[in-house]
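Computed over heavy atoms, backbone and side chain alike; hydrogens, waters and symmetry mates excluded. Throughout, a chain's letter reflects where its sequence line sits, starting with A, and its residues are numbered from 1.
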Amino acid sequence: MIRMYVYNGLPYDVLQLFVEMLVSGRHSPDNFTYPFVIKACGELSLLSLGVTIHGRTFMSGFDSNTFVQNSLLAMYMNCGEKEAARRVFDAMQERSVVSWNTMISGYFRNGCAEEALMVFRWMMDVGVEPDCATVVSVLPACGYLMDLDLGRVVCGLVEEKGLGNKIAVRNSLVDMYAKCSRVEEARVVFDKMDERNVVTWTTMINGYILNGDARNALMLCRLMHFEGVRPNSVTVISLLSACASLHFLSHGRCLHGWAIRGNLESDVIVETALIDMYAKCNYVDLSFRVFSKTSKKRTAPWNAILSGCIHNGLPREAIELFKEMLMEAIDPDGATLNSLLPAYAIIADLQQGTNIHGYLIKSGFLSRIDVATGLIDIYSKSGSLDSAHKIFNGIPKKAKDIVSWSTIIAGYGMHGHGKAAVSLFNQMDISYVFL
DNA sequence: ATAGGGTTAG
């Protein structure tokens, strides 16, 4: 019964049934029950319940069962508790390949790519035989860290051990090469595949875009269409960004059509990408048309329309939209402000600049270096070099970066204070220049 | 019977 709920994706019902089982007291859970229940806790990110059940497995002696331990590893990793997972892993007497794979993918998903590679190397050192899941867990970490050498080692393992039969394994190889800036090698793997799915095509298309080759990305789009593979929302988003960077309006409109036919256009991320594409093609009216149909409960489409207004020389509209956004109680984020602040720098109105300064203090966004830099630019373009310098001085010394220095120096320069600009330039840590 | 496994915007 519990298994049926797991297979049908009903983790909450799994837990309910487990509680009923405990309350009735007629049956006690065993080493087959616990993995299902622990998995349900992980899926729902119910850490405290997971810890309680971990305690129960300990009391009943099932915590030495490898299946139970592996499900605990996965549960802790799903809840972001990598230290707890590591403690379970370290205490394990017997580790299966699943234990190692869970640690590798768990570390990577929790933002610890280095640890993921460390576990993989450790696994190889102790002579554990890798499988398909090992490969698809370790390759994203290689790509993220651009560790091409290790990526090639894994590629060698795939050939040597014959792990390349699954499409997912080849897909992750394509992605790894593309992320390591080896788009030609990615293409070699791609061309050698005798079976490809929508993820394969999307990964290769995205690989070209990542490497600044939007034209080849769009070329591949034709081939994909020709082979009868239907794009999903990820594919459409990648292709829209290619159209945006090339200002290919007609191709972008065609993709908009694909999105509508594929029922993808109500996906917020797709809507956001459409708004962005139309704006970058300088058709912000079309961006507004898409924006008017979005749910407006999410931050992303607002950010896209704000930056679209700036791109199309509409700073006042951007400011109005931001006010509307606050009225609708949508939470702005760092990206919202990075899109908005240039609007104030363009209109160069000191009063309005002071108003937004107040908002940045109240909201706490001023502690972000990029936001503070945006405000320096607003003040210097509005003619208040004093205020600009005060903001600049407010940034801790070691947090100052090349952008904040350039902004304040440009401020002095544009007001004809050449000497002050040069003096500031000389105060700047010269190592920035070479970064 | 039970555990792990690919691509995602601003």
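Within residues 94-103 of chain A, the residues that place at least one heavy atom under 4.0 Å from DNA chain B are, in residue-number order, S96(A), V98(A), N101(A), T102(A).
In this structure, the ring of W122(A) has its center no less than 6.0 angstrom from the ring center of Y107(A).
One side chain, D333(A) or T336(A), offers a donor N or O that lies under 3.5 Å from an acceptor on the other. Using modelled atom types and a 3.5 Å distance limit, the side chains of Y208(A) and R187(A) yield a donor-acceptor pair. A donor-acceptor pair shorter than 3.5 Å can be found between the side chains of D131(A) and T134(A).
Within the nucleic acid shown, N338(A) has no heavy atom closer than 4.0 Å to any nucleic acid atom. Residue contacts shown for N65(A) are absent, as no nucleic acid heavy atom lies under 4.0 Å away. As judged by a 4.0 angstrom heavy-atom cut-off over every strand, N31(A) is placed among the base-contacting residues. Contacts of A273(A) with the nucleic acid, taken as non-hydrogen atoms under 4.0 Å apart, are absent. I167(A) comes within contact range of at least one nucleobase, with a heavy-atom separation under 4.0 Å. D333(A) comes within 4.0 angstrom of a base, heavy atoms only.
Across the protein-nucleic acid pair, R298(A) atom CZ and dG10(B) atom C1' stand 12 Å apart, rounded to whole Å. Going from atom OH of Y278(A) over to atom P of dA9(B) covers 19 Å, rounded to whole Å. Residue Y107(A) contributes atom OH, which lies 18 Å from atom P of dG4(B) at whole-angstrom precision. Straight-line distance from the CG atom of L239(A) to the P atom of dT8(B): 14 Å, rounded to whole Å. Rounded to an integer number of Å, the gap from CG of L73(A) to C1' of dA3(B) is 9 Å. One can place CG of D175(A) at 11 Å from C1' of dT8(B), the figure rounded to the nearest angstrom. Distance CG (N165(A)) to C1' (dG5(B)): 15 Å, rounded to an integer number of Å. When rounded to the nearest whole Å, the span between CG of L264(A) and C1' of dT7(B) equals 15 Å.
You'll find that the side chain of K39(A) is closest to dG4(B), out of dT2(B), dG4(B), dG5(B). Nearest nucleotide to the side chain of K179(A), out of dG10(B), dT8(B), dG4(B): dT8(B). Proximity note for A133(A) (side chain, C-beta onward) versus dT7(B), dG10(B), dG4(B): the nearest is dG4(B). Side chain of S105(A), nearest nucleotide from dA9(B), dG5(B), dG10(B): dG5(B). Side-chain atoms of T299(A) lie closest to dG10(B) of the nucleotides dT7(B), dG10(B), dT2(B). Listed nucleotides dG5(B), dT2(B), dA3(B) differ in distance to K166(A); the shortest reach to its side chain belongs to dG5(B). Listed nucleotides: dA9(B), dG4(B), dG10(B). Nearest to the side chain of I269(A): dA9(B). Distances were taken from every side-chain heavy atom of T272(A) (C-beta onward) to each of dA9(B), dA1(B), dA3(B); the shortest belongs to dA9(B). Out of dG5(B), dT7(B), dA3(B), the shortest distance to the side chain of F67(A) is found at dA3(B).
Between E185(A) and R152(A), at least one side-chain N (NZ, or NE/NH1/NH2) sits under 4.0 Å from a carboxylate O, which counts as a salt bridge. Ion pair E129(A)/K161(A) flagged as a salt bridge, since at least one NZ, NE, NH1 or NH2 atom sits closer than 4.0 Å to an Asp/Glu carboxylate oxygen.
Smallest separation of non-hydrogen atoms from P231(A) and M224(A): CB-CE, 3.9 Å.
Between the side chain of D131(A) and the base of dG4(B) there is at least one donor-acceptor pair of N/O atoms closer than 3.5 Å.
One finds a side-chain N or O of R109(A) lying less than 4.0 angstrom from the OP1 or OP2 phosphate oxygen of dG5(B).
Taking the six-membered ring for Trp and thresholds of 30 and 60 degrees, W201(A) and F190(A) have ring planes more than 60 degrees apart, a perpendicular arrangement.
A cation-pi geometry, defined here as NZ or CZ lying under 6.0 Å from the six-membered ring centre and within 45° of its normal, does not hold between K280(A) and F248(A).
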